[in-house]
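Data first, discussion second: the structure below is written as structure tokens.
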2 protein chains.
Amino acid sequence: MPTPLPISAYVVLGLLRRHDGATPYELDQRIRQSIGYFWVFPRSQLYAEADRLVRRGLIAERQENDGRRRRTLSLTAEGHDELHRWLATPTGAVMEIHDEGLLRLFFQDPGDAGAATSMTRLAQEQIEAHEGRLAEYDELVASGRLRPGSPQRATLEVGLRLQRMMIGFWREVAAEPPHEL
Amino acid sequence: MPTPLPISAYVVLGLLRRHDGATPYELDQRIRQSIGYFWVFPRSQLYAEADRLVRRGLIAERQENDGRRRRTLSLTAEGHDELHRWLATPTGAVMEIHDEGLLRLFFQDPGDAGAATSMTRLAQEQIEAHEGRLAEYDELVASGRLRPGSPQRATLEVGLRLQRMMIGFWREVAAEPPHEL
DNA sequence: GTTCAGATGTTCCAATCTGTAATATTGAGG
DNA sequence: CCTCAATATTACAGATTGGAACATCTGAAC
């Protein structure tokens, strides 16, 4: 490989292994209800990523030349190999988080007028947001689409624990907002 | 405000409230051992963000015209107001996660030769990475720089719980790697 | 069978962001 | 005074972002 592929490339390769012949659009939908939970990824990026992978010969593309002009993608042998190589490669990468709610909490100054109110409201919003997420995950589990003991079920387990943890945290904040500077 | 400010703008404003007269470089250092844990933010972005905020009149800048040419930043009254407004504004934003380790786990196929080995190794790497993070956080707590009951201590608490949760998760994976498809 | 809303699907784009390298200064230690 | 590490800013090519624009298909209701 000349330059190493971005992670999003592996997301495409990984999904294609299971869903050969999918369109970028379809991949986007799958991402949004699985991987999207721990790897955000805007739709437009998928089309760009597909182009790049085609250029590198890791996937093959067939585009309808009328109608919806669907682009159906499939792994090449090289793509399959590259995916395997990646899956077997060590990574020192650490989880990265973006949480606007925590940021707002961080910057609160308990000395400000209304800070306690702001924090309580913030906590309530965040509880709702995380409960919403948790409900989605629970639904996914209940749907039975994930085999117990599968890697997909395992990653979802992280999602469940994470959401529960965050709900617990924000409940504590709501009950007793930070008061010290 | 014409267009809403990006979150990173509020990071700058929020830090400046506590550290008036800081340089972008100094802000970067502070970010890397506090907010950076839940809001990633490359250094170069800070300089660009400072420019933007100056243009909008939310911060004032004084640059030394010799030596290190330090740019010292401080909040204007408008900047202060904007920060306050933001802190008091509701947000529906949900936490976003980027975790390459989980991604690799997600894409494992227990049918592949060596999958169990890959997963065990992955789990071990991740345990180390998360333990490293946890150690940093513990150190921060031990340093006594964060008052108990402060918003900053509260957000760090999330970091602690998160890392412990992830360590627990990966230990389970190491002990019994997913085996089902 | 027509119509319409909503889902499917791709393309385009300006603005922004990213990572990294280049440049220069200062301070500490030998 | 020399050197190394830390401090500090600038520059910038390439990638990414989010959204809007565009077009097609499906199915339900009438």
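Lettering follows sequence order; numbering is per chain, from 1.
Looking at residues two or more places apart in sequence or on another chain, you find no ring pair (Phe, Tyr, Trp, His ring centres under 6.0 Å) involving A/Phe169.
Per the geometry, CG belonging to A/Leu27 stands 14 Å off P belonging to C/dT8, to the nearest Å. In this structure, CG of A/Asp28 is placed 13 Å from P of D/dT17, rounded to the nearest angstrom. Straight-line distance from the CZ atom of A/Arg55 to the C1' atom of D/dA15: 12 Å, rounded to whole Å.
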When every nucleotide of nucleotides 9-25 of chain C is labelled 5' to 3' by its protein contacts under 4.0 Å (heavy atoms), B for base, S for sugar-phosphate only, - for none, what sequence of letters results? BBBB----SBBB----B
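B/Trp39 and A/His98 have tilted rings, their planes meeting at an angle from 30° to 60° on a 0 to 90° scale.
Checked for salt-bridge contact, A/Asp138 and A/Arg133 miss the test: no charged N lies under 4.0 Å from a carboxylate O.
Ring to ring, A/Tyr37 and A/Tyr137 are close: their centroids are under 6.0 angstrom apart.
When the options B/Arg69, B/Arg70, B/Arg71 are evaluated for a side-chain hydrogen bond (donor to acceptor under 3.5 Å, both in side chains) with B/Glu64, the one that passes is B/Arg70.
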